[in-house]
Structures are given as structure tokens and as C-alpha cells.
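Structure record follows, encoded as C-alpha cells.
Given the structure is predicted, the values throughout are model-derived calculations rather than measurements. Quick note: numbers below take in every heavy atom, side chains included, and nothing from hydrogens, waters or symmetry partners.
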Amino acid sequence: MKVVILAGGFGTRISEESVLKPKPMVEIGDKPILWHIMKLYSYYGYNEFVICCGYKQHMIKEWFADYYLHSCDVTFDFTQGNKMTVHNNISEPWKVTLVDTGLNTMTGGRIKRVKEHLNGEPFLLTYGDGVADINIDELIKFHQEGGRMATLTSVQPMGRFGALDLREDGEITNFKEKKQEDSGWINAGFMVLEPEILDLIEGDATVFEKYPLEEAARRGQLDAYRHNGFWQCMDTMNEKKKLEEMWRSGNAPWKVWE
């Protein structure tokens with residue numbers, strides 16, 4: 001299966017970084033979060049990627065074009081026409097197709113625009129701003145056994161706020177920190193999709209999480225793979241710093257490849 005990654009949004013909630021680069025290129029450690037996501041899929045043997053670009057898409061293309069420069073030692077020999085020799089080649093076994101899916105295109109429209117690269121086959125889809133320790137093999141097995149059009153990964157995020165019991169006069173009668181199990185299940189990406197889902201996408205203005213997934217659910221064609229392990233999106237600078245601290249400390253749960 002090919003892996004489609006949505007990497008075209010503006011990233012307005014992490015504007016401190018996204019004003020300079022697209023959000024999927026914001027770095028965790030010394031690598032873009034997009035690279036971390038791709039490493040997870042690659043660990044399970046999925047090495048063919050279709051990246052849906054948009055905002056500052058040239059920066060994503062340039063990063064991959066210069067991948068050797070980012071990852072390896074190189075020698076430039078100006079006496080031989082600027083010949084470049086790559087040392088300690090550690091490049092990934094990836095085939096990456098980068099598609100400009102438009103600046104203001106919605107998520108569904110971006111997926112529709114890469115249809116020609118999917119060859120009418122089932123495909124994997126996720127967002128370019130979330131990492132997890134999801135077992136991709138188990139996710140795909142769950143999808144195939146369910147036999148539905150679409151499977152998304154659902155997680156229960158940590159509760160952000162304490163819960164209060166209030167009387168009408170404002171007196172607090174009970175206070176408790178919100179537990180993770182008290183939170184609802186949300187869509188964490190990491191989807192497995194049958195090609196028929198593309199028929200539910202009308203055009204560039206279609207939000208994938210609206211009509212296509214809602215219609216699939218109405219038809220009884222949407223499944224949820226419950227993931228109880230680690231998952232974290234990177235919507236804010238605080239979440240970026242949290243992921244950075246995990247990576248620097250050597251305690252990054254999503255780093256399953258080593």
C-alpha cells in the first residue's frame with residue numbers, strides 16, 4: 001500500500017514556526033516531524049509515499065531533493081566540475097511523490113488530487129503533524145477483517161482540564177482532575193482506506209472529515225481501530241516542546257525503528 005500524508009495546511013496554531021515553514025517541516029530533534037511519521041511506516045515495510053503539499057510546498061520538495069546533504073557527509077570536488085561524493089550513505093529505501101495539491105484546498109480535495117498516484121488500490125492516510133507507536137500491521141489486519149470502506153485510528157487524549165461540580169451560587173462541591181479514560185475517542189489519523197472512499201469526495205472544497213467520513217459512517221462503512229498506546233499531535237508550541245523533550249531524553253515512544 002502507498003502512504004498518503006496530508007502536508008498542505010497553514011499550521012496557524014503553531015504560527016511561531018509555521019510562518020517560516022510548513023508545519024510538517026517543523027523539526028523534532030534535527031528532523032522534520034514528517035520524517036518521523038515516514039520512519040514509522042517504513043519500519044513496517046511501507047516505503048512508497050505520496051505527500052499532499054500546499055503551503056510553502058517548495059520547502060518540502062527542496063528538503064527531499066537535498067536529502068543527502070541533510071543526512072550524510074559529502075565531498076564537493078570543484079576541480080572536477082563540482083562533483084559531489086556521498087559518504088556513509090544512510091538514505092532511506094523510500095519512493096516519495098510530492099504533489100502540489102493547492103494552497104487553499106481542503107483535506108478531501110487534497111486526497112482527490114492525488115488519485116492518479118494511487119492506482120485504484122487501497123491506501124494508507126495520515127496527517128503530517130502527529131506521531132504514535134501504532135502497530136501498522138495490526139491496523140491493516142483490523143481493517144481487512146472488518147471489511148469496511150474506511151478505518152481510522154481512534155485515541156483517548158489526556159484530559160486538559162479539571163472537572164468541577166458547581167452549585168448555583170458558585171460553590172464548588174467537588175473537584176477532580178480529568179482522567180484519560182473520561183475523555184472521548186477522537187480521530188488520530190493513521191487510516192486505511194479503500195479506493196471507493198474517493199467517490200465521496202466532490203472537489204477541492206470537500207473537508208474529508210465532514211461528508212466523506214460522515215457518509216461512510218451512515219452507510220456502516222467506517223471502522224475505528226482503538227489505539228491505547230502513545231499518540232501526540234503537534235498543534236501548538238507546547239506540544240512541539242513536549243515531543244522535543246521526549247526525543248532529546250531518549251524516551252520517544254514513537255521511535256519504534258530502533
Side-chain angles (χ1 to χ4, degrees), residues 3-18 22-29 32-41 43-44 106-108 124-140 142-143 146 148 150-165 174-193 207-210 212-214 216-217 222-256:
V3 182
V4 178
I5 302 179
L6 294 167
F10 290 98
T12 53
R13 284 179 287 183
I14 192 170
S15 58
E16 298 94 331
E17 291 263 7
S18 63
K23 186 162 67 164
M25 298 306 293
V26 174
E27 293 182 349
I28 304 299
I33 192 170
L34 178 62
W35 177 89
H36 292 259
I37 297 166
M38 294 170 71
K39 286 287 284 185
L40 171 67
Y41 282 103
Y43 174 76
Y44 288 98
M106 296 293 101
T107 49
L124 304 168
L125 172 74
T126 197
Y127 303 105
D129 62 357
V131 290
D133 59 355
I134 292 169
N135 186 314
I136 302 298
D137 286 342
E138 289 297 320
L139 167 63
I140 294 172
F142 177 87
H143 170 77
R148 293 183 172 86
T151 297
L152 58 80
T153 295
S154 58
V155 299
Q156 285 183 298
M158 292 295 294
R160 294 177 57 195
F161 306 105
L164 306 179
D165 291 334
N174 186 39
F175 174 87
K176 63 178 180 179
E177 285 299 309
K178 192 172 185 180
K179 299 178 182 179
Q180 185 171 1
E181 55 266 29
D182 293 335
S183 301
W185 292 88
I186 66 168
N187 172 21
F190 296 96
M191 306 178 205
V192 190
L193 303 169
V207 177
F208 187 63
E209 299 76 12
K210 290 294 185 180
L213 290 185
E214 291 176 356
L222 181 62
D223 228 334
Y225 174 78
R226 298 192 182 197
H227 177 61
N228 293 303
F230 176 83
W231 171 83
Q232 180 63 59
C233 64
M234 189 187 65
D235 272 343
T236 66
M237 282 301 295
N238 282 339
E239 290 168 343
K240 192 262 188 192
K241 291 175 183 176
K242 178 181 178 180
L243 292 171
E244 183 80 27
E245 289 169 1
M246 289 179 177
W247 184 261
R248 294 295 185 190
S249 69
N251 182 31
W254 69 92
K255 190 182 179 183
V256 299

With no hydrogens and no angle check, do the side chains of N135 and Y43 hold a donor and an acceptor under 3.5 Å apart?
no
Please examine the side chains of L40 and F190, heavy atoms only from C-beta on, and report whether any two atoms are closer than 4.5 Å.
yes
Looking only at heavy atoms, which two atoms of L193 and A150 are closest? And how far apart?
CD2-CB, 3.4 Å
Partners meeting side chain to side chain donor-acceptor pair (under 3.5 Å) with H143 (sequence neighbours left out):
T151, E194
Straight-line distance of N187 CG to L152 CG, nearest 0.5 Å
4.5 Å
Which value, rounded to the nearest 0.5 Å, describes the distance between N228 atom CG and I134 atom CD1?
11.0 Å
What is the minimum heavy-atom distance between G184 and P157, and which atoms define it?
O-CD, 3.6 Å
Closest non-hydrogen atom pair between D129 and I37, with its separation
N-CD1, 3.9 Å
What distance separates E138 CD from Y225 OH, expressed to the nearest 0.5 Å?
5.5 Å
Is there a donor-acceptor pair closer than 3.5 Å between any side-chain N or O of T153 and the backbone N or O of A188?
no
Got a sec, which residues hit ring pair (Phe, Tyr, Trp, His ring centres under 6.0 Å) with F208, two or more places apart in sequence or on another chain?
none
Who pairs with D223 by side chain to side chain donor-acceptor pair (under 3.5 Å), at least two apart in sequence or on another chain?
R148
Show your reasoning for whether side chain to side chain contact (heavy atoms under 4.5 Å, CB included) applies to Y127 and I5.
CA-CA 6 Å; Y127 303 105; I5 302 179; over 6 Å; no
Y44: partners by side chain to side chain donor-acceptor pair (under 3.5 Å), with sequence neighbours left out:
none
With the side chain counted from C-beta on, respond yes when I28 and M234 share a heavy-atom pair under 4.5 Å apart, and no when they do not.
yes
For the residue pair L124 and I140, establish whether any side-chain heavy-atom pair is separated by less than 4.5 Å.
yes
Output the distance between atom CG (L139) and atom CZ (R226), rounded to the nearest 0.5 Å.
14.5 Å
Closest non-hydrogen contact found for A132 with H227 is CB-NE2, 4.5 Å
For K242, which residues count as a side chain to side chain contact (heavy atoms under 4.5 Å, CB included) partner, sequence neighbours excluded?
Q232, M246
Applying salt bridge (Lys or Arg N to Asp or Glu O under 4.0 Å), which residue pairs with at least one partner in residues 243-255 are found, sequence neighbours left out?
K240-E244, E244-R248, K255-E258
For the residue pair W247 and H36, establish whether any side-chain heavy-atom pair is separated by less than 4.5 Å.
yes
Taken to the nearest 0.5 Å, the spacing of F142 CZ from D137 CG works out to 15.0 Å
Euclidean distance, I33 CD1 relative to M25 CE, rounded to 0.5 Å:
11.5 Å
Side chain to side chain donor-acceptor pair (under 3.5 Å) partners for S154, two or more places apart
none
Which residues satisfy the ring pair (Phe, Tyr, Trp, His ring centres under 6.0 Å) test with F230, sequence neighbours excluded?
W254
